[in-house]
Trainee: 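I'd like to ask some things about the structure below.
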2 protein chains.
Amino acid sequence: MVTIKEVAKKAGVSPSTVSRVLNGSDVVAEDTKEKVMAAVKSLNYRPNFLAQGLKDGKTKTIGLIIPNIRNPIYPVIARGVEDVARKYGYTVILCNTDEDTEIEKESIQKLRKRWVDGLIIAPAAKKVEHLEELEQEGFPMVVIVRKLDIKANMIVIDNFQAAYDAVSFLIKTGHRRIAIVKGNQQLALYRDRFSGYKQALLDAGIPIEYELITGDDSDSIQWSLDGYNAVNSLLNRNIEFDAVFATTDLRAIGAIRAIKDHNLRVPDDISVIGFDNLEFSSLIDPPLSTVSQPFYDIGARAASKVLQLCSKDNPSGAMVEIMPSELIIRKSTR
Amino acid sequence: MVTIKEVAKKAGVSPSTVSRVLNGSDVVAEDTKEKVMAAVKSLNYRPNFLAQGLKDGKTKTIGLIIPNIRNPIYPVIARGVEDVARKYGYTVILCNTDEDTEIEKESIQKLRKRWVDGLIIAPAAKKVEHLEELEQEGFPMVVIVRKLDIKANMIVIDNFQAAYDAVSFLIKTGHRRIAIVKGNQQLALYRDRFSGYKQALLDAGIPIEYELITGDDSDSIQWSLDGYNAVNSLLNRNIEFDAVFATTDLRAIGAIRAIKDHNLRVPDDISVIGFDNLEFSSLIDPPLSTVSQPFYDIGARAASKVLQLCSKDNPSGAMVEIMPSELIIRKSTR
DNA sequence: CTGAAAGCGCTTACAG
DNA sequence: CTGAAAGCGCTTACAG
């Protein structure tokens with residue numbers, strides 16, 4: 001690897017001068033500037049960022065910690081993050097936690113050791129003290145997707161309202177017995193969607209039937225199975241319902257399959273509405289009605305936010321930003 | 001940030017000694033070892049990896065450069081890469097190129113500046129000189145998925161044979177007029193799949209009909225559109241065919257939609273076979289018959305390989321590894 | 001406008 | 001077994 005010394009030698013100046021022209025900081029004479037640039041070019045010099053980082057304590061790197069990139073919501077978020085990071089010359093390190101708080105902690109340790117300037121994290125959310133600590137240290141961090149009960153910068157949607165709207169839509173279009181596949185109730189986001197479901201029924205004067213509340217707390221990426229099993233069980237037990245609110249698109253897809261397997265039609269016999277608006281949800285049969293989350297924007301906004309935090313010395317005032325969601329009606333609801 | 005000096009002071013030894021116990025390199029007296037570890041613990045000391053890297057020129061980081069993480073084949077590959085990287089204490093930096101060779105070059109520059117120890121890359125493949133250079137410099141690199149006409153370590157499948165087998169299966173099950181959605185012919189992998197298609201027909205004594213060769217060279221992530229448009233056009237022009245070999249699952253999904261939109265049935269009227277075996281290809285209707293690629297293993301193997309290359313001084317002997325693919329028959333073929 | 005020097009936080013021969 | 005010193009490749013006050 002060619003160093004600044006060699007460039008300096010070739011250009012007939014001191015390393016300090018080379019550094020100065022490269023960083024455009026000080027005033028340097030035009031002709032020496034040219035000599036230096038020529039030397040840089042001819043030697044194909046690349047400054048060593050480790051050495052640079054060692055001086056100023058910055059690495060122009062941010063960490064992105066998520067449960068699992070195989071969950072189709074995360075690639076979109078990751079693109080949002082990477083696109084803005086790249087725009088500002090930052091690089092992103094990806095870590096998967098598989099919903100395991102221990103792996104999450106380890107990853108954070110590892111990334112801090114590597115001097116990432118900031119962190120974007122969709123937390124496993126079972127334990128959060130380690131995140132609270134980070135926040136208190138003033139380490140640039142933004143939590144996405146999964147809202148936490150701590151003071152921190154967060155970028156999320158209003159899951160209660162979105163679920164409320166989705167279920168209200170079902171009610172408005174004549175559905176009365178609406179089942180829910182409720183999702184992992186350890187996560188606030190699913191609790192909120194569940195609450196939205198209940199409140200919508202309540203507000204419409206429809207009683208909450210506990211037999212229509214289904215789904216387990218599994219974290220598996222095989223989410224469609226949860227939807228399949230839940231609805232399949234309802235159908236096997238001859239429990240009547242005219243719609244299902246699935247708290248994720250994957251669960252909705254499982255639900256649709258269960259309904260078809262029982263030789264019933266979607267939406268003629270049973271309507272299904274999902275949540276997430278995954279890219280392929282419009283490609284299934286019937287195309288899925290669902291709640292659209294602005295995943296790309298969440299990632300992009302999170303990246304802007306950490307970058308901003310990184311540039312400040314005292315990243316004060318944690319705030320939570322609510323991003324808009326949108327009800328998308330396709331063909332799985334009548 | 002606490003430094004090694006502070007630890008040394010607290011433990012009442014020299015920084016050299018602290019370094020020694022941390023790296024377990026030399027022989028250190030048991031009791032001083034304990035003193036040091038106690039100090040490390042109480043100060044929550046994390047060695048600065050920038051300083052470490054500056055010494056030994058290693059960062060324990062590898063770069064993963066792919067066209068687009070939103071293309072559903074890449075998250076699986078990325079998991080394979082990350083899992084083995086993490087196992088060995090490595091960290092992975094993700095870059096998307098959007099099939100743009102310029103962005104690819106920039107990313108490589110950026111990563112090398114950051115001193116990644118090695119690179120895994122699914123290249124844009126329009127120009128490859130920059131990759132050839134890397135290889136010649138002896139920089140640890142492995143090319144995945146997209147085979148190149150250069151000497152380099154590569155991990156790919158046998159696209160010709162896999163396509164040959166898929167089309168042969170269609171022929172064996174009674175199909176005669178088999179359309180193909182051929183994919184971007186600038187990429188060797190699609191050329192190989194196309195060749196496999198032609199050879200299978202030839203070997204069965206079936207003439208190649210040019211009107212059945214469809215699809216454009218688009219790089220769009222909206223691949224299902226290519227499949228939709230191709231098959232839709234065939235149908236609109238009343239061209240007869242009893243099967244379509246789509247060179248990706250996304251194209252297959254588009255093809256199925258086009259067929260359904262023309263009120264024809266899959267597979268009763270027209271069989272469809274895909275390529276990739278995406279995670280959701282079993283969830284669509286009908287569940288898709290396809291060629292399964294071992295994406296996770298490709299990622300994992302690639303990571304093992306670069307790590308191995310990183311540890312050697314002279315990473316000699318570029319070789320291409322062929323991973324197994326498998327024909328998966330579900331319900332979209334009769 | 002430019003150079004010599006110090007220092008970022010480590011590691012590792014070199015002494016002892 | 002342990003410490004002092006040099007050096008990794010930069011940047012940046014400090015002189016001049």
Trainee: When you get a sec, tell me which of D:dT12, D:dT2, C:dC1 is the closest nucleotide to the side chain of A:Ser16?
Mentor: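 The answer is D:dT12, which lies nearest to the side chain.
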Trainee: Determine the minimum heavy-atom distance between B:Ala11 and B:Val36, stating which atoms define it.
Mentor: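 Where B:Ala11 meets B:Val36 most closely, the heavy atoms are CB-CA, 4.0 Å.
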Trainee: Nearest to the B:Thr17 side chain among D:dC14, C:dC10, D:dT2, which nucleotide is it?
Mentor: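 Minimum distance to the B:Thr17 side chain belongs to D:dT2.
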Trainee: Without decimals, in angstroms, what is the distance between B:Lys5 NZ and C:dT11 C1'?
Mentor: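 Rounded to the whole Å, the gap is 14 Å.
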Trainee: Rounded to whole angstrom units, what separation is found between the CG atom of B:Asp31 and the C1' atom of D:dT2?
Mentor: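 Rounded to the whole Å, the gap is 12 Å.
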Trainee: If you count every heavy atom of other residues, nucleotides or ligands that lies below 6.0 Å from B:Asp31 atom CG, does the total exceed 12?
Mentor: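 Enclosed.
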Trainee: Where the side chain of A:Asn96 meets the backbone of A:Ile69, is there a donor-acceptor pair that is under 3.5 Å apart?
Mentor: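 Such a contact is found between A:Asn96 side chain and A:Ile69 backbone.
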Trainee: Ignoring backbone atoms, establish whether B:Thr32 has a side-chain N or O less than 4.0 Å from OP1 or OP2 of D:dT2.
Mentor: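 Yes, such a contact exists.
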Trainee: In whole angstrom, what separates B:Arg20's CZ from C:dA15's C1'?
Mentor: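 Atom CZ in B:Arg20 sits about 11 Å away from atom C1' in C:dA15.
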Trainee: Which of the following nucleotides, C:dT11, D:dT2, D:dG9, is nearest to the side chain of B:Leu54?
Mentor: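 Selected nucleotide: D:dG9.
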Trainee: Dot-bracket for DNA chain C: what is it, with Watson-Crick or G-U pairs under 3.5 Å, [ ] where a pair crosses earlier ones, and | for a pair to another strand?
Mentor: |||.||||||||.|||
Trainee: Rounded to whole Å, please give me the gap between CD1 in A:Ile4 and C1' in C:dC8.
Mentor: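 In whole Å, C:dC8 C1' and A:Ile4 CD1 are 15 Å from each other.
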Trainee: Considering only heavy atoms, which members of residues 36-52 of chain B lie under 4.0 Å from some atom of DNA chain D?
Mentor: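 By residue number: none to list.
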Trainee: With distance as the sole criterion, is a donor-acceptor pair present between the side chains of B:Ser16 and B:Ser19 under 3.5 Å?
Mentor: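 No - no donor-acceptor pair under 3.5 Å links their side chains.
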Trainee: Kindly give the heavy-atom pair with the smallest separation between B:Leu50 and A:Gly53, and that separation in Å.
Mentor: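 Residues B:Leu50 and A:Gly53, closest heavy atoms: CD1-C, 3.6 Å.
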Trainee: Would one find a side-chain N or O of A:Ser14 under 4.0 angstrom from OP1 or OP2 of C:dA4?
Mentor: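 Answer no for this pair, as no side-chain N or O of A:Ser14 is under 4.0 Å from OP1 or OP2.
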Trainee: Hey, is NZ on B:Lys305 packed in by over 12 heavy atoms from elsewhere, all under 6.0 Å?
Mentor: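 Result for NZ/B:Lys305: enclosed.
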Trainee: Which of the following nucleotides, D:dA4, C:dG9, D:dT12, is nearest to the side chain of B:Thr3?
Mentor: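 Of D:dA4, C:dG9, D:dT12, C:dG9 is nearest to the side chain of B:Thr3.
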Trainee: Salt bridge or not for A:Glu99 and A:Arg146, using N-O below 4.0 Å?
Mentor: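 The answer is yes: the pair qualifies as a salt bridge.
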Trainee: Between atom NZ in A:Lys58 and atom P in D:dT12, what is the gap in whole Å?
Mentor: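 Taking atom P of D:dT12 as the reference, NZ of A:Lys58 is at 14 Å.
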Trainee: Is the shortest distance from a Lys or Arg side-chain nitrogen in B:Lys9 or B:Glu6 to a carboxylate oxygen in the other one below 4.0 Å?
Mentor: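 Here B:Lys9 does not pair with B:Glu6 in a salt bridge, since their nearest N and O are not under 4.0 Å apart.
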Trainee: Check B:Ile62 against B:Tyr90 and note the closest heavy-atom contact, atom names and distance.
Mentor: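 Of all heavy-atom pairs spanning B:Ile62 and B:Tyr90, the closest is CG2-CD2, 4.0 Å.
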Trainee: Return the nearest nucleotide to the side chain of B:Lys55; candidates are C:dG9, D:dG3, D:dT11.
Mentor: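 Out of C:dG9, D:dG3, D:dT11, the nucleotide with an atom closest to B:Lys55's side chain is C:dG9.
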Trainee: A:Leu22 CG to D:dT12 P: how many Å, rounded?
Mentor: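 Answer to the nearest Å: 12 Å.
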Trainee: I need the CD-P distance between A:Glu6 and D:dC8, as an integer number of Å.
Mentor: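 My rounded result for the distance is 11 Å.
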